[in-house]
Amino acid sequence: GECTECPVGYYSSSSKHIACSKCVANTFTASLGSTSCESCEEGTTSAAGASSCSSCPAGSWVNGSGDCVFCPAGMYSADGSISCTECQVNSFSDEGSTSCDSCPEGETSGAGYSSCVACPAGSYVKSDSGYCTACAVGTFSDSDHSLSCTSCPLNFYSDVSGSTSCTACAEDSTTAAAGASTCEVCSAGNYINGEGVCTACVVGKFSNSAGASSCSNCAANTFSATTGSTSCTSCEDGTTSVAGATVCTNCPAGSFVDESGECTQCSAGTFAASSKSTECSLCSAGKYSSANATACTACAMNTFSSSSGSASCSPCEDGTTNDATGQSTCSDCPAGSYVDSESGECTEC
């Protein structure tokens, strides 16, 4: 009939009890003769009749019933946790995990994911957020697991985000640089070269329409002195050029520019005293010239040319003469004289 202290893990709240009660789960008594049980601290638990509480191991948590329960997949916990924490973006975990693993390169996940997924073609894993992000216009990715997008090469474009490939420009257009979202028609004065680059026409050439695949030579008697020409300039009067010229040249003295734009020698009986002549002038009566002449020559004494444009002078007829050069006629000797055959002068009988 003696009173006996309750053992650890048990208690008695009244002096009239004939037996001690076991502490319920998640409570304890650590000393003899306890009148009540103490609740376990947060993050610890116990079975019924416990003399102490223990922490739930990492990878688990204490539920509302005081039981240690594994963290679900996509979550984790440290030792003694009262709840599990979601894995962050771009990480994952299995059930009962003590930490989260980072997603492999080219894969990603949302918060609380149990696995990672590959970013599809047309997107990439953005490094600062870990999310799959669509490739911007002008770029593409043609496979999954991409860490970045690639710029469209020269002469190709993509005009929508999330592209898996780039589109070639039409024949009459190109792009100014790699990574383009549109193509541009090559403007007049330029052409699209073999590498697809819009290139200015060189001097001596031109293109007068947009989208040209080549430049044309300036025609004869025209020129272009600057790159990127849309037309050629006609040569000034008295000058000429060959096809593809960058400058015009003066026709030299003794020649002129004909209707075809070429330098042509003055014919016999004509002359051009200076360069840049547009025509040759006739020699006046009493003078003559050979072809390509820059001046006319006076007929010698005892010869003449009676009309302009003479290619040579004629000797005076027998019995006639002239006593000076550059004459257009010959005269009879007066009565009482004759023409001396050696000197050609009128000599008194």
Side-chain angles (χ1 to χ4, degrees), residues 1-134 144-148 162:
E2 296 180 354
C3 291
T4 304
E5 289 182 318
C6 292
V8 293
Y10 288 77
Y11 74 101
S12 172
S13 60
S14 172
S15 60
K16 295 181 179 180
H17 281 165
I18 60 173
C20 295
S21 299
K22 183 185 292 187
C23 290
V24 298
N26 211 29
T27 65
F28 73 101
T29 61
S31 59
L32 299 172
S34 295
T35 59
S36 63
C37 298
E38 297 180 48
S39 296
C40 291
E41 294 180 356
E42 282 191 341
T44 63
T45 188
S46 68
S51 61
S52 62
C53 298
S54 58
S55 298
C56 284
S60 64
W61 63 292
V62 180
N63 67 8
S65 302
D67 297 324
C68 288
V69 179
F70 282 129
C71 291
M75 304 186 82
Y76 71 99
S77 72
D79 184 67
S81 297
I82 59 172
S83 63
C84 297
T85 304
E86 277 190 334
C87 291
Q88 294 180 340
V89 172
N90 209 27
S91 64
F92 71 102
S93 72
D94 296 325
E95 183 184 45
S97 293
T98 60
S99 62
C100 299
D101 295 319
S102 296
C103 290
E105 283 192 345
E107 296 185 11
T108 187
S109 69
Y113 274 43
S114 61
S115 61
C116 300
V117 293
C119 288
S123 66
Y124 71 105
V125 179
K126 196 171 183 180
S127 59
D128 57 352
S129 68
Y131 288 117
C132 288
T133 303
D144 55 20
H145 290 84
S146 293
L147 299 179
S148 62

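Only a predicted model underlies this, so the values are computations on that prediction, with no experimental measurement involved.
Note: S93 OG to Q88 CD = 12.0 Å, rounded to the nearest 0.5 Å. In this structure, CG in D101 is found 7.5 Å from CG in D94, a value given to the nearest 0.5 Å. A distance of 10.0 Å separates CG in D67 from CH2 in W61, rounded to the nearest 0.5 Å. With rounding to the nearest 0.5 angstrom, the CD atom of E95 is 11.0 Å from the OG atom of S60. Taking SG of C100 as the reference point, atom CE of M75 lies at 9.0 Å (rounded to 0.5 Å). One distance of note links CG of N63 with OG1 of T45; it measures 8.0 Å at 0.5 Å rounding.
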Cut-off 3.5 Å, no hydrogens considered: what does the side-chain donor-acceptor table look like for residues 110-121, sequence neighbours left out?
none

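Of all heavy-atom pairs spanning C56 and V62, the tightest one is SG-CG2, 3.1 Å. When all heavy atoms of C37 and Y11 are compared, the closest pair comes out as SG-CD2, 3.3 Å. The two residues C132 and T108 make their nearest non-hydrogen contact at SG-CG2, 3.2 Å. Of all heavy-atom pairs between L32 and E5, the closest is CB-OE1, 3.8 Å. A pairwise comparison of heavy atoms in Y76 and C71 identifies C-SG, 3.8 Å as the closest pair. Across L147 and Y124, no two heavy atoms sit closer than the pair O-CD1, 3.5 Å.
Remark: the backbone N or O of G59 is paired with a side-chain donor or acceptor of S77 at under 3.5 angstrom. Within the 3.5 Å criterion, the main-chain N or O of G9 finds a donor-acceptor partner in the side chain of T29. Counting only distance, with no hydrogens or angles, the side chain of S46 and the backbone of T27 share a donor-acceptor pair below 3.5 Å. Side chain of S109 to main chain of S91: a donor-acceptor pair is present (N/O by atom type, distance under 3.5 Å, no hydrogens or angles).
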Discussion item. Run S54 and T44 through side chain to side chain contact (heavy atoms under 4.5 Å, CB included) and show every step you take.
Written reply: CA-CA 5 Å; S54 58; T44 63; 5.9 Å; no
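When each of S34, C6, S21 is paired with S12, the side-chain contact (heavy atoms from CB on, under 4.5 Å) condition holds for C6 and for no other.
Checking E105 against H145 by side-chain atom types alone, no donor-acceptor pair falls below 3.5 Å.
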